[in-house]
Amino acid sequence: MNSISGKIFIDWGAFAARLAPVEVIDEPALVKKRSRDFFWYSPILNEELKGCFGDLVAVPKTVEEMKHCLQVAHDADVPIVLRGGGTGNYGQSVPVEGGLIVETTSMNRILDVGDGFVSTEAGALMADINRALQATGQEMAMFPSTQDIATIGGFVAGGSVGIGSLATGALREPGNLIEIKALSVEEQPQEHVFRGEDVLKVHHAWGLNGVITEVTLRAVASRDWIACMATFENYRSAYAAGFAAASANGIAPKMVSVVDARIVNYFPRLKGHLSDGRDLLACYVPAEDVETLLDLIAEQGGQLELTLGDADREAAGIPHVFEFCFNHTTLQVLKSDRSATYQQVNVPDPSDADALVALREDLGDDVWTHHEFIRLGGQVVAIDLPIIWYSGKERLDAINRTYEEHGCAVFDAHTNEVERGGIHTADYTHLAWKKRLDPKGLLN
Ligand SMILES: Cc1cc2nc3c(=O)[nH]c(=O)nc-3n(C[C@H](O)[C@H](O)[C@H](O)COP(=O)(O)OP(=O)(O)OC[C@H]3O[C@@H](n4cnc5c(N)ncnc54)[C@H](O)[C@@H]3O)c2cc1C
């Protein structure tokens, strides 16, 4: 068997045999498919990563099988990449060094559901976790819109916030991640258990400093969530209404998103449900808060377009409203036009709609803003995930500078280095644990 990556020249047939009884995938087309994630959102990452492949995929079903994979790779000095659903946006699960891809999706048991928590294996899909919680009147404190194909291990290792974060904060905030079990990559892989604040030692380390096998997460009481969509004459009004809804005392939304009218044109499945050419406010609020929200929308000059419970939504053939929000907004545009890309930007003062108007003027017509409101440390904050019509790195840099000149922090979505993207600075705790849990530096 040849090296698919063109980087690791060992006898891959013999290596695969040593992995038995673990299921392996060696068909080059399938290995190449599992070497990709959603890095193609970024034209820059696409250029850098489109030619990077692993050499073999292992699909362990149990922790024992996972240990065996790690042992064999450790013994042969083979680089390892962990992969859940492969929905990360920064090429985190791309095997840049080649080697073994370990796919976790068969380690997917839900182990325990209790009052305020759920424990699962790392490869469980978040939609399945939410289904298991539903039976107990609960739901995940937050989840990404990719829940149907993304794993909890991938979210804990690579994600940060999601639907629910306006109510419960970021994944890293106290109480959201209760316990993480992770294996080291050594001759005899050891299990390490991280609880409380210690979970941050492996959370958002992109699978570089330990192999997550189990997680225990916060669950919250489920509400009768109603999706509301309203449109506004201009972005300022939609944004101001969004901030008001996110911070109002009498409303407890789990998601508030504001989307530029030009982006809404790329939502064919909402055609006929929304007035054309207007900026969009999309929210999830508990049924008992709908009246208050509708009053707020009217006060802010908005026009109500839809209020939908889940059954009505399904009957109307409309996707989940969260499929038009967070990073799904970008996906809706990319489905029609691959020349779009995006960025991740923190807004300095979420209450200042006038500052946003000035920023939008300076950004120009190739940047279409889209804001999500979330809660960090108890405060409402706004993040902008704009659609950017990509015309080259120079222009992207200029756009980033414009944001920065307006006091915004850019968390670059066009890098596959954890320090330059979601985290901004090197996390020395992550690095220390990498030395300890992955002494040979095989996880990449
Ligand atoms: C349309 C769209 C919407 C999205 N929305 C959000 C969002 O709202 N919030 C958000 O945070 N993200 C979002 N994302 C990014 C991504 O979907 C999520 O972070 C998701 O949870 C990743 O899960 P996954 O199973 O696909 O992980 P993968 O992409 O497979 O892996 C992600 C990272 O985790 C590592 N990893 C996977 N499993 C393990 C393990 N067991 N142990 C150690 N490391 C592991 C991988 O090596 C990789 O570095 C979105 C992406 C898309 C394409």
Side-chain angles (χ1 to χ4, degrees), residues 34-42 54 60 63 66 69-70 79-96 100-108 120-127 129 140 142-166 170-172 176 180-185 192 202-215 255 257 319-320 322-335 342 344 372 374 383 385 411 413 416-418 421-422 430 433-434 437-438 443-444:
R34 283 171 168 80
S35 301
R36 295 176 63 81
D37 61 13
F38 279 67
F39 63 76
W40 53 268
Y41 265 46
S42 159
V63 176
M66 175 65 90
C69 294
L70 303 179
I80 305 163
V81 166
L82 271 303
R83 178 184 180 85
T87 65
N89 294 106
Y90 320 111
Q92 307 105 298
S93 48
V94 175
V96 281
L100 181 67
I101 299 166
V102 183
E103 185 179 293
T104 63
T105 50
S106 292
M107 288 175 59
N108 56 13
T120 80
E121 288 187 319
L125 298 184
M126 284 177 274
I129 299 175
M140 290 175 70
M142 79 205 66
F143 58 91
S145 55
T146 45
Q147 64 161 352
D148 287 337
I149 50 171
T151 64
I152 189 59
F155 189 44
V156 169
S160 47
V161 295
I163 295 115
S165 286
L166 181 53
L171 201 46
R172 62 179 294 114
N176 286 335
I180 299 177
K181 288 186 182 166
L183 291 174
S184 61
V185 181
H192 294 259
V202 279
H203 165 51
H204 208 83
W206 288 9
L208 297 174
N209 71 359
V211 177
I212 299 170
T213 52
E214 279 180 34
V215 294
M255 189 194 85
S257 316
H320 286 290
F322 59 67
E323 290 181 25
F324 303 97
C325 304
F326 280 92
N327 245 351
H328 244 93
T329 315
T330 322
L331 186 59
Q332 301 293 357
V333 178
L334 281 163
K335 278 181 193 167
Y342 78 122
Q344 308 168 137
E372 297 290 339
I374 58 168
I383 48 178
L385 301 168
F411 291 84
N416 69 337
E417 289 171 25
V418 66
H430 282 170
W433 277 87
K434 176 154 184 77
L437 268 67
D438 180 25
L443 291 170
N444 78 98

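Residues: numbered from 1 along the sequence shown. Ligands are counted one by one from 1 in listed order, and the atoms in each one are counted from 1 as well. In this text the structure is predicted, and so the values were computed from the model without any measurement.
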Before giving the answer on side-chain contact (heavy atoms from CB on, under 4.5 Å), spell out for N209 and V202 the whole-Å C-alpha distance, their side-chain angles and the decisive distance to 0.1 Å.
CA-CA 7 Å; N209 71 359; V202 279; 3.4 Å; yes
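Looking at residues two or more places apart in sequence or on another chain, you find a salt bridge (Lys or Arg N to Asp or Glu O under 4.0 Å) between R34 and E103. N327 meets the side-chain hydrogen bond (donor to acceptor under 3.5 Å, both in side chains) test with N89, T330; sequence neighbours excluded.
Pairs of residues two or more places apart, or lying in two chains, that qualify as side-chain hydrogen bond (donor to acceptor under 3.5 Å, both in side chains) and include a residue from residues 147-162 are N130-Q147.
Less than 6.0 angstrom separates the ring centroid of Y41 from the ring centroid of Y342.
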Short N or O contacts of ligand 1 with protein, under 3.5 Å, listed by atom name?
from     : atom 1 : to   : atom 2 : distance (Å)
ligand 1 : 9 (N)  : V161 : O      : 2.5
ligand 1 : 11 (O) : S160 : N      : 2.8
ligand 1 : 11 (O) : V161 : O      : 3.2
ligand 1 : 17 (O) : T87  : O      : 3.4
ligand 1 : 17 (O) : T87  : OG1    : 2.6
ligand 1 : 17 (O) : T146 : OG1    : 2.9
ligand 1 : 21 (O) : F155 : N      : 3.4
ligand 1 : 25 (O) : G85  : N      : 2.7
ligand 1 : 25 (O) : T151 : N      : 2.7
ligand 1 : 25 (O) : T151 : OG1    : 2.7
ligand 1 : 26 (O) : G85  : N      : 3.4
ligand 1 : 26 (O) : G86  : N      : 3.1
ligand 1 : 26 (O) : T87  : N      : 2.8
ligand 1 : 26 (O) : T87  : OG1    : 2.6
ligand 1 : 29 (O) : T87  : N      : 3.1
ligand 1 : 29 (O) : G88  : N      : 2.8
ligand 1 : 30 (O) : G84  : N      : 2.7
ligand 1 : 30 (O) : G85  : N      : 3.4
ligand 1 : 30 (O) : G86  : N      : 2.8
ligand 1 : 41 (N) : I212 : O      : 2.9
ligand 1 : 42 (N) : I212 : N      : 2.9
ligand 1 : 47 (O) : L82  : O      : 2.6
ligand 1 : 49 (O) : Q92  : O      : 3.4
ligand 1 : 49 (O) : W206 : O      : 2.9

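Distance check: K181 NZ to E214 CD gives 4.0 Å after rounding to the nearest 0.5 Å.
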